[in-house]
Amino acid sequence: MTTSPPEPPPATIAAGFWIGKTLAELTLAEWEALCDGCGKCCLHKLEDEDTGQLFFTNVACRLLDLTTARCSHYADRFRWVPDCVRLTPAEVQRVNWLPPTCAYRLRSEGQPLPDWHPLLTGDPDSTRRAGVSVCGWAVPEQRAKQLGSHIIECLP
């Protein structure tokens, strides 16, 4: 799990704040607002120790609310999930598991935000409405017996 799904940006954040800025230049409020709220970063992944190949699963972190794709304890998530990843501009460059639609990944690659992104639509639920969030297909960690039986071919 990495970042909080989006809330409407505070009034102090300018429209289009991400245009022309690197990820490192964003304020904390801008960084948080950039998250599209898909919840895909909060899915468990498996890595083959021999090959390093990464496998995605449909199993969500125990803190992820699967009806909203929001972390239920975002502010103190590290207390509940000590190995939760704190996504930073440097981490965005380093990790290989951010989905292709992730706003952090897209902006680090100089790409525009997708047209369904909440910052463009003004609708904090537009990611789910566009069918891009984990809502409706991810399973809670508590119900998954073996992560290996939950491997998916690709992220929807």
Side-chain angles (χ1 to χ4, degrees), residues 1-47 54 56-109 111-114 116-144 147 150 152 155-156:
M1 176 166 47
T2 57
T3 60
S4 166
E7 292 294 331
T12 58
I13 295 180
F17 67 83
W18 62 92
I19 300 170
K21 283 188 178 182
T22 67
L23 292 178
E25 294 171 326
L26 299 177
T27 67
L28 180 58
E30 290 170 339
W31 176 268
E32 295 292 334
L34 190 58
C35 175
D36 61 35
C38 72
K40 292 175 184 174
C41 57
C42 300
L43 296 175
H44 289 281
K45 298 125 191 101
L46 297 172
E47 184 176 0
L54 191 65
F56 293 92
T57 74
N58 66 341
V59 179
C61 168
R62 65 189 176 111
L63 298 183
L64 190 66
D65 180 329
L66 294 178
T67 60
T68 64
R70 297 179 189 275
C71 181
S72 60
H73 294 285
Y74 183 70
D76 60 345
R77 66 195 184 279
F78 298 107
R79 188 180 72 161
W80 296 88
V81 181
D83 62 344
C84 180
V85 175
R86 182 180 308 275
L87 195 60
T88 64
E91 283 291 299
V92 170
Q93 296 294 319
R94 189 186 68 75
V95 299
N96 62 349
W97 46 260
L98 290 174
T101 57
C102 174
Y104 298 111
R105 180 176 175 175
L106 290 170
R107 294 307 303 142
S108 75
E109 297 170 351
Q111 300 297 315
L113 298 179
W116 46 260
H117 194 286
L119 288 172
L120 298 177
T121 66
D123 175 6
D125 200 32
S126 61
T127 301
R128 186 189 62 78
R129 290 182 203 277
V132 187
S133 80
V134 300
C135 296
W137 60 267
V139 298
E141 178 179 291
Q142 299 85 335
R143 285 204 336 229
L147 282 180
H150 288 274
I152 55 177
L155 291 172

To the nearest 0.5 Å, what is the distance between [atom1] ([X]) and [atom2] ([Y])?
X    : Y    : atom1 : atom2 : answer
H150 : L46  : NE2   : CG    : 10.5 Å
E32  : T27  : CD    : OG1   : 9.5 Å
L147 : E141 : CG    : CD    : 8.0 Å
L66  : S133 : CG    : OG    : 9.5 Å
Y104 : L98  : OH    : CG    : 10.0 Å

Worksheet item: Is it true that a side-chain atom of R62 and a backbone atom of W80 form a donor plus acceptor pair closer than 3.5 Å?
Response: yes
With heavy-atom distances below 4.5 Å as the criterion, would you say the side chains of [X] and [Y] are in contact?
X    : Y    : value
K40  : V132 : yes
L113 : L34  : yes
C135 : T67  : no
H117 : W18  : no
N58  : W137 : yes

Practice prompt. Determine, stepwise, if the pair W97 / L43 fulfils side chain to side chain contact (heavy atoms under 4.5 Å, CB included).
Written response: CA-CA 10 Å; W97 46 260; L43 296 175; over 6 Å; no
